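Just below is one structure, and these are the notes that go with it.
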Amino acid sequence: MRISGSVALVTGASSGIGYQSALRLAAAGARVLVHGRAGGPLAELAQRTGGTAIVADLAEPDGASRLAQAALDAADRVDILVNNAGQGWAGQFSTMDTAGADRLIAVNLRAPVALTRLLLPQMAQRGDGYLMFVTSIAGRMGVAGEAVYSATKAGLDVFAESLRLELTGTGVRVGVLVPGVVQTPFFDRRGAPYQRDRPRPIPAEVVAAALVRAVATGQAERFAPRWMRLPVAIRVAVPGLYRRLAARYGGGG
């Protein structure tokens with residue numbers, strides 16, 4: 001995918017992976033449209049990148065449609081869509097209220113599906129585009145205390161894979177970035193800090209660099225860090241062993 005001269009929409013760009021990805025896409029020559037709920041950080045990012053800030057709450061029923069229309073109004077097209085916005089929640093599922101679960105499903109799964117549906121036709125018509133989905137290692141393996149979050153990321157993962165097969169030969173490519181534990185405000189916002197000694201969180205800049213490389217090369221899947229492929233492979237190849245190890249060492253974050 002040629003990044004220079006493209007228009008890239010990055011959701012969840014107020015901080016973390018989205019913020020760093022927008023910086024790197026802009027440095028590679030893209031015009032960036034940065035989305036988030038916090039107007040202040042977005043305005044600062046837009047100034048740094050020479051891009052456009054779009055404020056929208058993707059938990060609202062019309063949030064995705066408002067964002068898509070605002071992006072097309074600002075730039076007439078979107079060549080690269082980075083579905084990065086997401087929310088977390090940590091705790092026993094039995095203590096999670098329905099509204100909290102609904103919000104996670106809305107932001108992490110419903111919104112990227114809706115946003116993709118709204119922006120894909122103009123990509124397909126041009127025969128060019130890239131759809132990037134930021135999922136999570138939690139969606140590949142499951143994590144104790146994050147049942148709904150893991151489910152939304154697993155759903156997004158399979159949606160992307162199915163879409164990739166559907167779009168074969170159209171010129172529109174689909175990529176998935178599977179990050180592990182990342183140094184972002186995510187853990188503060190989910191209601192519980194990250195307390196494990198390993199794996200150690202990696203900088204958001206490292207994950208963003210992997211994301212932009214995947215876009216530039218048209219890569220279908222990338223783990224950050226790359227060694228995260230190993231536990232996923234063990235889970236698939238030797239599920240009984242994986243579950244015993246997970247039960248022994250804990251699957252919570």
Side-chain angles (χ1 to χ4, degrees), residues 1-87 106-134 156 159-160 162-164 166-167 169-177 208 211-212 214-216 218:
M1 179 74 198
R2 182 178 175 84
I3 296 177
S4 181
S6 67
V7 177
L9 171 60
V10 182
T11 70
S14 298
S15 62
I17 298 171
Y19 188 96
Q20 295 297 331
S21 296
L23 289 177
R24 287 182 175 272
L25 287 166
R31 176 184 177 184
V32 292
L33 311 175
V34 291
H35 154 267
R37 291 185 298 153
L42 281 182
E44 184 267 341
L45 178 58
Q47 185 174 19
R48 287 187 66 181
T49 59
T52 303
I54 304 175
V55 178
D57 187 352
L58 293 179
E60 296 178 357
D62 64 344
S65 60
R66 288 171 55 197
L67 173 56
Q69 190 58 58
L72 294 175
D73 288 344
D76 294 326
R77 72 182 198 276
V78 172
D79 304 303
I80 300 169
L81 171 60
V82 180
N83 282 297
N84 167 73
Q87 292 190 1
V107 174
N108 297 358
L109 184 57
R110 188 188 71 200
V113 170
L115 195 57
T116 300
R117 175 63 187 86
L118 292 164
L119 295 177
L120 174 59
Q122 46 95 31
M123 292 184 185
Q125 186 175 20
R126 293 194 309 273
D128 190 32
Y130 191 97
L131 301 167
M132 167 58 76
F133 297 88
V134 179
L156 192 62
F159 172 71
S162 301
L163 201 58
R164 181 183 300 112
E166 184 177 319
L167 295 174
T170 66
V172 181
R173 283 136 292 182
V174 180
V176 171
L177 178 71
L211 184 151
V212 175
V215 173

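Note that the coordinates shown come from a computational prediction; the quantities given were computed from them, not determined experimentally.
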Could you give me the CA-CA distance, side-chain angles and deciding distance for Leu45 and Leu23, then say whether side chain to side chain contact (heavy atoms under 4.5 Å, CB included) is met?
-> CA-CA 8 Å; Leu45 178 58; Leu23 289 177; 3.7 Å; yes

Separation of Met132 CE from Leu25 CG (nearest 0.5 Å) | 9.5 Å

The salt bridge (charged side-chain N to carboxylate O under 4.0 Å, His left out) partners of Arg164 (sequence neighbours excluded) come to Glu161

pair Pro112-Leu115: side-chain heavy atoms closer than 4.5 Å = no

Correct closest heavy-atom pair for Ile80 and Ser6 would be CD1-OG, 3.5 Å

Looking only at non-hydrogen atoms, find the nearest pair between Ile3 and Ala216 and report the distance.
-> CD1-CB, 4.0 Å

Mind checking ring-ring contact (aromatic ring centres under 6.0 Å, His included) for Tyr19 and listing every partner two or more places apart, or none if nothing turns up?
-> none

Taking Gln69 for its side chain and Arg66 for its backbone only, find out whether a donor-acceptor pair lies under 3.5 Å.
-> no

Thr170 side chain to Ala124 main-chain N or O, any donor-acceptor pair under 3.5 Å?
-> no

Mind checking salt bridge (charged side-chain N to carboxylate O under 4.0 Å, His left out) for Asp62 and listing every partner two or more places apart, or none if nothing turns up?
-> none

How about Arg117: does its CZ atom have over 12 heavy atoms from other parts shown lying under 6.0 Å from it?
-> no

CG-CG distance between Leu119 and Asn83, expressed to the nearest 0.5 angstrom = 8.5 Å

Could you pull out every donor-acceptor pair under 3.5 Å between side chains of residues 28-39 and any protein atom, sequence neighbours left out?
from	atom 1	to	atom 2	distance (Å)
Arg31	NH1	Ala74	O	3.4
Arg31	NH2	Ala74	O	3.0
His35	ND1	Gly12	N	3.1
His35	NE2	Ala56	O	2.9

Who passes salt bridge (charged side-chain N to carboxylate O under 4.0 Å, His left out) against Arg77, sequence neighbours left out?
-> Asp79

Please identify each residue that fulfils salt bridge (charged side-chain N to carboxylate O under 4.0 Å, His left out) with Arg2, with sequence neighbours left out.
-> none

Where the side chain of Asn108 meets the backbone of Gln87, is there a donor-acceptor pair that is under 3.5 Å apart?
-> yes

In terms of heavy-atom contacts, Ala160 and Val176 come closest through CB-CG2, 3.5 Å

Within a strict 4.5 Å, meaning less than it, do heavy atoms of the Arg173 and Leu167 side chains meet?
-> no

Quick one: are Met123 and Val78 in side-chain contact, heavy atoms under 4.5 Å?
-> yes

So do Asn84 and Ser21 actually touch side chain to side chain, heavy atoms under 4.5 Å?
-> no

Report, as yes or no, whether the 6.0 Å neighbourhood of atom CD on Glu60 holds more than 12 heavy atoms from other residues, nucleotides or ligands.
-> yes

For Val82 and Leu211, which heavy atoms make the closest approach, and how far apart are they?
-> CG1-CD1, 3.9 Å

Should Ile54 and Leu42 count as side-chain neighbours, where that means a heavy-atom distance under 4.5 Å?
-> no

Check Leu58 against Ala85 and note the closest heavy-atom contact, atom names and distance.
-> CD1-CB, 3.9 Å

Compare every heavy atom of Ala64 with every heavy atom of Ala114, then report the nearest pair and how far apart it is.
-> CB-CB, 3.8 Å

Between atom CG of Leu156 and atom CZ of Arg110, what is the distance when rounded to the nearest 0.5 Å?
-> 14.0 Å

